[in-house]
Chemist: 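Structure below; questions to follow.
First the proteins, then the strands, lettered A, B, ... as listed; each starts at 1.
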Protein chains: 2
Amino acid sequence: MADVAALAGVSSQTVSRVSMDLDNVRPETRRKVLDAMAELGYSTNVAARALRYGSYGTLGVIAHRLARTGESRTVEGVVEAARAEGYTVTLVDVESPSRDDVTAAAARLSHQAIDGLVIIRAETATPDTLALPRRMPVVVSDSRFVGHHPAVGADQLDGARRATQHLLDLGHRTVHHVAGPIDSGPAQMRAEGWRATLEDAGREVPELLRGDWSAGAGYELGRRLAADPEVTAVFCANDETAAGVLRALHEAGRHVPGDVSVVGFDGIPLAEHLWPPLTTVVQDFSGIGRALVDLLLQQVRDGRILDDVHTLVPVELVVRASSGPAPGGSRPGG
Amino acid sequence: MADVAALAGVSSQTVSRVSMDLDNVRPETRRKVLDAMAELGYSTNVAARALRYGSYGTLGVIAHRLARTGESRTVEGVVEAARAEGYTVTLVDVESPSRDDVTAAAARLSHQAIDGLVIIRAETATPDTLALPRRMPVVVSDSRFVGHHPAVGADQLDGARRATQHLLDLGHRTVHHVAGPIDSGPAQMRAEGWRATLEDAGREVPELLRGDWSAGAGYELGRRLAADPEVTAVFCANDETAAGVLRALHEAGRHVPGDVSVVGFDGIPLAEHLWPPLTTVVQDFSGIGRALVDLLLQQVRDGRILDDVHTLVPVELVVRASSGPAPGGSRPGG
DNA sequence: CGCGCTCTTGTTTACGTAAACATCAGGGAC
DNA sequence: GTCCCTGATGTTTACGTAAACAAGAGCGCG
């Protein structure tokens with residue numbers, strides 16, 4: 001900046017005024033300064049500006065597996081919402097879902113220049129094990145942090161209930177469930193919604209099959225389901241798992257939805273183009289991202305730390321060809 | 001820091017020494033300082049440290065649609081590689097692929113605290129329209145920037161050639177292609193590899209079908225392909241497109257691979273669990289991320305700006321059930 | 001017993017910016 | 001013509017950290 005000032009023959013304060021595009025600077029002076037800036041390839045030093053202002057215009061995000069559907073779409077939603085508010089996003093990926101890793105990630109972030117922190121998936125970490133800088137605004141989309149930090153999440157319970165009820169309404173005697181990993185909050189809630197719906201309807205609750213969100217696990221477990229002629233309806237914890245189940249059913253020669261109906265969760269773009277097109281519970285990821293950023297910026301701007309807010313974002317059941325009437329007396333073989 | 005120093009009864013410099021965990025500080029003094037830090041919830045101010053050091057420990061990333069396969073997996077690769085080098089990543093999403101948007105993104109990033117910039121997808125922007133701060137180290141994974149900034153990319157041409165050749169080797173007379181959007185460099189190169197392979201083999205080059213990376217476009221174009229009995233082999237610009245084509249073929253009652261073989265590109269995790277499992281060209285996204293970060297950090301650390309490096313990351317053809325022998329005389333109807 | 005070395009801690013300074021305050025010139029009102 | 005007000009620009013200072021330098025204490029060796 002001093003160089004620019006010298007070249008333009010003005011004081012550094014005038015350069016500052018021009019670069020902020022504020023105040024009153026004579027057009028001629030402004031011109032000289034802009035020319036000098038261009039000539040020297042000057043751009044303002046962010047560190048100094050942040051030091052002066054005490055804020056960075058940046059939000060931190062902790063996610064687990066970035067390339068996974070839910071994560072990447074939530075991150076995208078956060079990035080979009082942050083951009084709309086004039087903030088950029090700094091990303092920290094947690095390699096393995098271990099406590100130490102998340103703590104390390106938070107520590108790394110706390111050494112980064114951020115004004116607030118979005119925890120998209122904290123996995124095994126708990127509110128206590130996260131050693132965050134005091135007064136750091138935080139929001140989470142992980143249900144286990146409800147009551148400790150303000151939380152935003154899709155209405156997992158409602159989605160699972162609607163998916164399960166949809167299958168019951170189609171006449172299926174009961175519904176099997178391929179769940180997500182046991183240490184995932186959303187996976188727990190989806191399983192819970194499934195179980196509660198069956199119990200409310202007075203139906204038998206089949207043994208839960210434990211997956212891990214992956215299509216591979218869906219395929220392996222799907223082979224067991226395909227081998228059981230009693231199975232006519234499967235609710236999967238996410239769409240990838242459902243894809244694996246569909247493949248296993250195809251391989252076993254079981255027709256979908258003639259013999260078995262399948263429902264997924266998440267609403268990935270590919271769901272509509274699986275074979276057959278997948279009935280699924282669609283999450284509004286960009287809505288979640290927006291809600292997260294709103295809640296975080298409220299805290300950042302007011303300097304006030306909220307803790308007991310929990311925003312539920314509604315989900316929507318989209319019915320496609322993968323779910324149909326239970327195989328009845330009219331069509332025993334499909 | 002001054003508060004900590006006062007509370008601990010030492011100078012701020014001693015606090016600095018403790019927080020850097022360097023130099024020689026008497027254990028007793030260190031203890032006092034650490035206690036004071038804990039009591040006050042102190043953590044070092046990054047802006048000040050960055051101002052002092054002139055670096056931020058952060059890399060910037062410009063991407064287009066974050067949730068799209070290629071983007072999110074490349075970003076994940078970059079984030080992982082950056083973490084391994086002790087850097088975090090600041091993300092800027094470009095809303096629409098317009099020149100202004102990318103320029104605005106770069107401007108926004110240049111006002112952020114970054115040591116270098118990774119352009120994953122610059123879309124319509126050109127090297128000239130990107131008003132980057134002088135001496136900002138840059139790497140790109142966009143082929144149009146080759147010669148201006150060091151570039152890293154999968155060997156698209158080779159991948160497309162191998163996919164096409166694979167189908168010819170199976171006895172197909174020719175291969176149809178559902179391409180990516182016309183303004184995408186990788187889409188161009190995949191189409192080029194396809195065309196060159198057919199020409200080298202002296203085969204007829206069918207009209208190219210213009211998609212947009214989406215499964216929906218694949219589905220629409222796939223319906224046209226399904227209606228044409230001459231079509232026996234389709235090479236799709238990416239796996240999502242291939243999923244749409246598969247669906248269209250299923251709906252039309254054409255068997256895969258009995259009647260028509262389909263090959264994708266990217267190697268998304270779901271490819272293996274589509275029906276039938278998809279033959280595809282697998283890209284090493286984390287390898288690309290690593291190469292990008294390596295190349296960028298070379299420049300960041302040496303303060304030297306490279307411009308004519310172009311790293312090609314090899315791809316791998318993974319053959320699955322979706323591609324098979326051309327329908328011959330032995331099996332006219334599937 | 002004193003000199004000098006080492007180990008620990010304190011003081012000064014600079015990083016680049018922008019707010020607060022100071023200064024100066026010009027023009028309008030009386 | 002003088003005073004005051006306004007608008008443009010310069011000067012001083014502070015943000016929090018860490019390097020460079022300075023200073024003081026303790027100890028060994030001659």
Chemist: Would you give the length of the straight line joining atom CG of B/L306 to atom CG of B/L295, rounded to the nearest 0.5 angstrom?
Modeler: 6.0 Å

Chemist: Closer than 3.5 angstrom, by distance alone: can the side chain of A/D155 be matched with the main-chain N or O of A/P314 as a donor-acceptor pair?
Modeler: no

Chemist: Between OH of A/Y87 and CG of A/L296, what distance do you get to the nearest 0.5 Å?
Modeler: 8.5 Å

Chemist: Let me check the geometry of the helix from C/dC1-D/dG30 to C/dC30-D/dG1. What is the bend angle between the axes at its two ends, five pairs each, to 10°?
Modeler: 50°

Chemist: For B/E85, is there an ion pair with B/R301 - N to carboxylate O distance below 4.0 angstrom?
Modeler: yes

Chemist: Would you confirm whether B/S141, through its side chain, and B/I120, through its main-chain N or O, come within 3.5 Å as a donor-acceptor pair?
Modeler: yes

Chemist: Under 4.0 Å between a side-chain nitrogen and a carboxylate oxygen: does that hold for A/D294 and A/R290?
Modeler: no

Chemist: Do B/T90 and B/T58 pair up side chain to side chain, a donor and an acceptor below 3.5 Å, judged on atom types alone?
Modeler: no

Chemist: So, does A/Q156 use its side chain to make a donor-acceptor pair with the main chain of A/A187 at under 3.5 Å?
Modeler: no

Chemist: Reckon B/S11 touches a base, only the sugar-phosphate, or nothing at all at heavy-atom distances under 4.0 Å?
Modeler: base

Chemist: Just the table, please: protein N/O against nucleotides 14-19 of chain D N/O, every pair under 3.5 Å.
Modeler:
{"from": "D/dT17", "atom 1": "OP1", "to": "B/Y42", "atom 2": "OH", "distance (Å)": "2.7"}
{"from": "D/dT17", "atom 1": "OP1", "to": "B/N45", "atom 2": "N", "distance (Å)": "2.9"}
{"from": "D/dT17", "atom 1": "OP2", "to": "B/M1", "atom 2": "N", "distance (Å)": "3.3"}
{"from": "D/dA18", "atom 1": "OP1", "to": "B/R49", "atom 2": "NE", "distance (Å)": "2.7"}
{"from": "D/dA18", "atom 1": "OP1", "to": "B/R49", "atom 2": "NH2", "distance (Å)": "2.8"}
{"from": "D/dA18", "atom 1": "OP2", "to": "B/S16", "atom 2": "OG", "distance (Å)": "3.1"}
{"from": "D/dA18", "atom 1": "N7", "to": "B/Q13", "atom 2": "OE1", "distance (Å)": "3.4"}
{"from": "D/dA18", "atom 1": "N3", "to": "B/R52", "atom 2": "NE", "distance (Å)": "3.2"}
{"from": "D/dA19", "atom 1": "OP1", "to": "B/Y53", "atom 2": "OH", "distance (Å)": "3.3"}
{"from": "D/dA19", "atom 1": "O4'", "to": "B/R52", "atom 2": "NH2", "distance (Å)": "3.1"}
{"from": "D/dA19", "atom 1": "N6", "to": "B/Q13", "atom 2": "OE1", "distance (Å)": "2.9"}

